[in-house]
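Chain letters run A, B, ... following the sequence lines, proteins first and then strands; every chain starts at 1. Since the model is a prediction, treat every value here as computed from it, not as a measurement.
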Amino acid sequence: MNAVEIEQAISTLAERPFDRVEFPFAFLEAFGNKETTLKRLRSGASNKSDLGGVLQTNNIHINVAAPGEVTKTLAALKASPATDRAKAKFILATDGETFEAEDLASGETVACAYADFPDHFGFFLPLAGITTVTQIRESSFDIRATSRLNRLYVELLKDNPEWGTAQRRPDMNHFMARLIFCFFAEDTDIFNGTGLFTATIEQMSARDASNTHEVIAELFRAMNTKIADRAEAGIARWADVFPYVNGGLFGGSPEAPRFSRIARSYLLHIGNLDWRKINPDIFGSMIQAVAEDEERGALGMHYTSVPNILKVLNPLFLDDLRARLNDAGDNSRTLLNLRRRLSKIRVFDPACGSGNFLVIAYKEMRAIEAEINRRRGESARRSEIPLTNFRGIELRDFPAEIARLALIIAEYQCDVLYRGQKDALAEFLPLDAENWITCGNALQLDWLSICPPTGIGVKHQADDLFHSPLDQAQIDFENEGGETYICGNPPYYGSRRQQELQKLDLKQLAGATIQKWKSLDYVSGWLLKAASYTKIEPCRFAFVCTSSISEGLQVSLVWPHILDGRQEIYFAHRPFKWSNLAKSNAGVSVVIVGVRPLSDKGQVKIYTNESVRIVDRINPYLVPAATVYIETRPKPLSDIPRMTMGSMPRDGGHLILDQDEARNLLEAAPVVGRWTRRYVGSAELIRGSVRHCLWIDDGDVALARSVPEILKRLNAVAEMRRQSPLESTAEFSSRPHRFVYLAGESKVRTVGIGGVSSERRPYLPVDVFDSRTVLSNLAFAIYDGPLWSISLLASRLHLVWIAAVCGKMKMDFRYSNTLGWNTFPVPLLTDKNKADLTRCAEDILLAREVHFPACIADLYDEDSMPADLREAHERNDEVLERIYMGRRFRNDTERLEKLFDLYTKMTAGQGIARRRRAEALP
DNA sequence: AATCCGACACTTA
DNA sequence: TAAGTGTCGGATT
């Protein structure tokens with residue numbers, strides 16, 4: 001259960017009549033406890049209460065009090081030895097009238113009317129095992145509001161199916177945005193009188209809700225009619241007390257969907273929340289889930305947390321502004337110049353969602369401006385930072401609506417904070433009609449039309465503006481001498497997860513310039529668009545991207561088009577695991593990359609979660625080295641043996657046998673021993689687990705099929721392959737005894753390396769196998785590889801190289817022969833070198849054997865790696881590094897620098913040789 | 001013919 | 001129940 005679902009569950013519970021017996025269980029159920037857990041508590045099996053209540057170990061002690069005895073009961077719970085023994089985190093007492101609880105760890109208490117306990121749901125969230133509790137508690141209002149809007153939205157769609165159609169969805173979304181504005185306005189004195197909107201609806205609409213939509217429409221109509229025109233428009237008197245708002249929000253049809261009784265009560269319920277507490281920076285991200293069927297309940301999976309947003313905005317431009325503010329001290333003139341600069345800064349988020357980057361940027365800039373004004377003694381001064389300088393593009397209609405609203409609310413809240421309620425109110429209405437959030441496809445739209453050049457760069461003369469639907473921007477907006485910063489967290493879709501239309505976007509963008517455009521992640525579209533924007537309007541940009549943009553194959557595809565001699569990466573955040581309020585964040589790691597024109601000066605910084613390093617330069621692999629693009633090679637660059645990916649079964653698992661299956665099969669028909677081989681992929685290589693596969697020569701097929709179990713399996717393989725949409729797989733359905741792809745075989749031994757390995761392992765997982773062992777496509781093989789190849793593979797140098805240039809699986813190392821082995825720069829090895837390295841490899845293998853049967857995962861655990869094995873690796877590294885450098889490297893950075901350097905030299909030589917050969921041709 | 005990748009997907013503590 | 005860590009095979013070159 002996520003926070004929104006929990007909020008809904010406890011709200012429902014509070015609305016039900018109080019049941020003295022059932023309450024403790026219902027309460028626990030609302031926090032996501034399963035039926036079986038509750039059953040055990042009910043039966044008393046796991047109930048540790050000594051007071052006749054319900055006590056769940058490590059969680060909560062609940063007791064229902066006699067009427068009027070809640071405080072006394074709570075004290076008894078606190079004094080109870082069982083509470084302590086069961087390590088309860090909370091105690092709770094209620095009589096159905098009042099409600100009291102205490103967080104035993106913090107001592108924090110809650111005391112309220114029973115009906116109001118859902119207002120404190122954030123207090124109890126640790127019960128649900130939600131780890132990001134502090135984060136959520138800070139935004140508990142937003143969660144409650146989201147939850148209730150969600151219920152209303154669903155209810156309204158139920159009653160008004162036509163509002164849910166693709167055609168009318170935007171109306172529905174716009175209606176919700178208007179409602180949210182009204183709720184905010186009625187709680188912040190923007191409307192005359194607290195709660196005016198909700199109260200008016202309650203009074204004027206019938207109990208049976210039949211005319212609710214008419215009442216709301218009339219209110220909306222009033223808000224779209226200037227005071228002077230009201231008499232003529234015939235606005236109802238009860239609606240006349242509402243101010244003129246407009247600003248695009250109330251323009252257009254005032255129509256509202258019809259309300260059922262339930263929907264009406266939800267509406268009144270929402271209106272009774274205290275909307276002053278809304279956080280426009282994160283509220284939007286949550287609420288956008290309201291309108292999206294698949295995201296509903298997911299609580300904004302793609303939402304960017306405030307700390308992550310600041311990881312982008314601070315280095316992008318806010319740090320600089322703050323530094324200038326600091327430099328300016330109390331110098332009135334310098335401060336004035338800085339304020340002018342602020343007023344001309346445009347922030348453009350071409351994937352703005354519900355606008356949180358823009359809102360945070362706005363709020364941070366307002367804070368800086370407020371400090372300037374304070375120092376200049378102009379505290380109440382009106383802000384010179386126009387909301388219109390915060391622009392965005394968003395594909396989905398509802399988030400775009402919310403983004404507009406969030407900016408308006410942020411502006412109001414900043415005015416209240418820095419200038420006072422009175423000034424804020426005086427200037428708030430009517431809303432500005434300008435709207436700089438464009439709803440559309442960012443990869444299709446012309447960014448220059450949304451954020452036209454400001455005059456620092458070359459004037460934009462391109463005639464495509466002529467065709468732009470938004471070219472009024474060019475005419476209306478002057479920002480001479482201003483700055484533009486592009487930022488955001490665009491969507492990521494790996495090359496094979498893209499929808500057809502997304503593929504098309506990339507094709508249009510990169511089809512002509514990037515041959516392998518089909519391998520790009522969707523996010524690269526934003527990088528390319530930004531890069532082409534800077535050709536016209538040189539400016540800085542920074543995005544949160546999937547880390548794959550700086551790893552493996554994609555680097556040499558995308559970055560040459562971005563760093564094409566006029567741009568450089570000036571800050572980067574190394575890969576970190578993605579996380580937000582969403583329940584499960586497994587699997588994604590992201591980077592942040594900031595790009596600026598070469599002409600910009602200033603420090604270059606690499607960030608990690610723990611540190612900041614000032615470096616000379618950052619290359620597209622986000623390491624401090626020269627920009628070198630590592631491309632796949634079909635054969636090794638250095639004089640080292642050939643490596644191939646292992647054999648791929650594509651068998652639906654039917655050719656693979658676990659230990660039990662292999663044993664049973666062999667017992668049933670000993671002849672099967674001929675056709676089974678050990679089968680090794682990453683997992684087997686690393687964890688030492690044993691699996692076998694069927695490996696049947698063409699000549700043996702008839703014989704093998706006479707074994708019933710084998711026949712059954714072969715038929716299953718054939719069937720699975722027939723079903724495959726992939727031709728190359730389907731072709732092999734007639735030869736189910738064979739792997740689809742055969743990598744090769746060895747005579748003496750096979751050197752194998754795992755395809756994926758944990759980032760925590762200090763060396764890559766390498767091992768030697770006999771020639772009967774089959775390596776799967778999840779491992780790479782050097783058939784009959786010399787032992788000294790193990791020395792290379794097991795070296796720190798190689799790991800560092802792989803970590804830098806290969807792809808990643810999450811943060812884990814992902815091996816590649818073409819990208820990592822074939823590109824690995826190795827100096828020419830003498831026979832003596834090879835003999836030395838062979839010895840080192842043998843020592844490593846011997847050191848492992850001492851610890852038999854420990855597997856590689858055990859042996860190479862950073863915390864518990866055996867000393868003798870570690871020493872064997874140290875010696876291996878020592879010998880190898882002397883060949884490279886004449887000494888040991890000081891650290892991995894130095895290793896990488898040397899490798900990039902050597903790679904550049906080795907490929908440059910080849911490039912020249914190739915060119916010479918080409919020139920020599922007639 | 002050969003291989004790269006997964007806003008992942010499983011297993012395990 | 002979230003932390004840990006590598007399957008599987010289609011899509012692409």
Counting any heavy atom closer than 4.0 Å, what does A:Ser758 reach on the DNA or RNA strands: base, sugar-phosphate only, or nothing? sugar-phosphate

Expressed in angstrom and rounded to an integer, what is the separation of A:Arg687 atom CZ from B:dT12 atom P? 9 Å

From CD1 of A:Ile549 over to P of B:dC5, roughly how many Å is that when rounded to an integer? 11 Å

Give the rounded distance in Å between these two atoms: NZ of A:Lys635 and C1' of B:dA2. 15 Å

Under the salt bridge (Lys or Arg N to Asp or Glu O under 4.0 Å) rule, collect the residues that match up with A:Arg738, sequence neighbours excluded. none

Short side-chain N/O contact to B:dA2 OP1/OP2 from A:Arg633, under 4.0 Å: no

Each stem that DNA chain B is part of, given as range with range (3 or more consecutive Watson-Crick or G-U pairs, under 3.5 Å): B:1-6 with C:8-13, B:8-13 with C:1-6

Report the distance from atom CG of A:Asp658 to atom P of B:dT11, rounded to the nearest whole Å. 13 Å

So does A:Tyr741 get a side-chain nitrogen or oxygen closer than 4.0 Å to the phosphate oxygens (OP1/OP2) of B:dA1? no

Can you work out whether A:Lys808 or A:Ala743 has the more 5'-proximal nearest nucleotide on DNA chain B? A:Ala743

Check the pair A:Val544, A:Tyr492 against side-chain contact (heavy atoms from CB on, under 4.5 Å), reporting the backbone distance first and the verdict last. CA-CA 10 Å; A:Val544 187; A:Tyr492 325 146; 3.3 Å; yes

Could you tell me how far apart A:Asp863 (CG) and C:dG4 (C1') are, to the nearest whole angstrom? 14 Å

Those residues at least two apart in sequence (or on a different chain) that pass salt bridge (Lys or Arg N to Asp or Glu O under 4.0 Å) with A:Lys87 are none

Atom-pair distance (NZ on A:Lys577; P on C:dG4), nearest Å: 7 Å

With sequence neighbours left out, write down each residue that passes side chain to side chain contact (heavy atoms under 4.5 Å, CB included) with A:Gln499, or none if nothing qualifies. A:Gln502

Run the salt bridge (Lys or Arg N to Asp or Glu O under 4.0 Å) test against A:Asp863 and tell me which residues pass, sequence neighbours left out. none

Using the side chain to side chain contact (heavy atoms under 4.5 Å, CB included) criterion, which residues pair with A:Pro641? Sequence neighbours excluded. A:Ile782, A:Pro786, A:Trp788, A:Ser789, A:Trp821

Side chain to side chain contact (heavy atoms under 4.5 Å, CB included) with A:Asn59: which residues, sequence neighbours excluded? A:Gln56, A:Lys89, A:Leu127

Return a single string for nucleotides 7-13 of chain C, one symbol per nucleotide in 5' to 3' order, where B is base contact, S is sugar-phosphate-only contact and - is none, cutoff 4.0 angstrom on heavy atoms. BBBBBSS

Remember a base hit wins even if backbone is also touched, and classify A:Pro765 as base, sugar-phosphate or nothing at under 4.0 Å, heavy atoms. nothing

List the steps, then state whether side-chain contact (heavy atoms from CB on, under 4.5 Å) holds for A:Asn489 with A:Phe543. CA-CA 6 Å; A:Asn489 177 7; A:Phe543 290 113; over 6 Å; no

Is A:Arg761 touching bases, backbone alone, or none of the nucleic acid, heavy atoms closer than 4.0 Å? sugar-phosphate

ring-ring contact (aromatic ring centres under 6.0 Å, His included) partners for A:His737, two or more places apart: none

Could you tell me the separation between the CZ atom of A:Arg642 and the P atom of B:dA1, rounded to a whole number of Å? 14 Å

Nearest whole angstrom, please: distance from the P of B:dC5 to the CD of A:Gln498. 14 Å

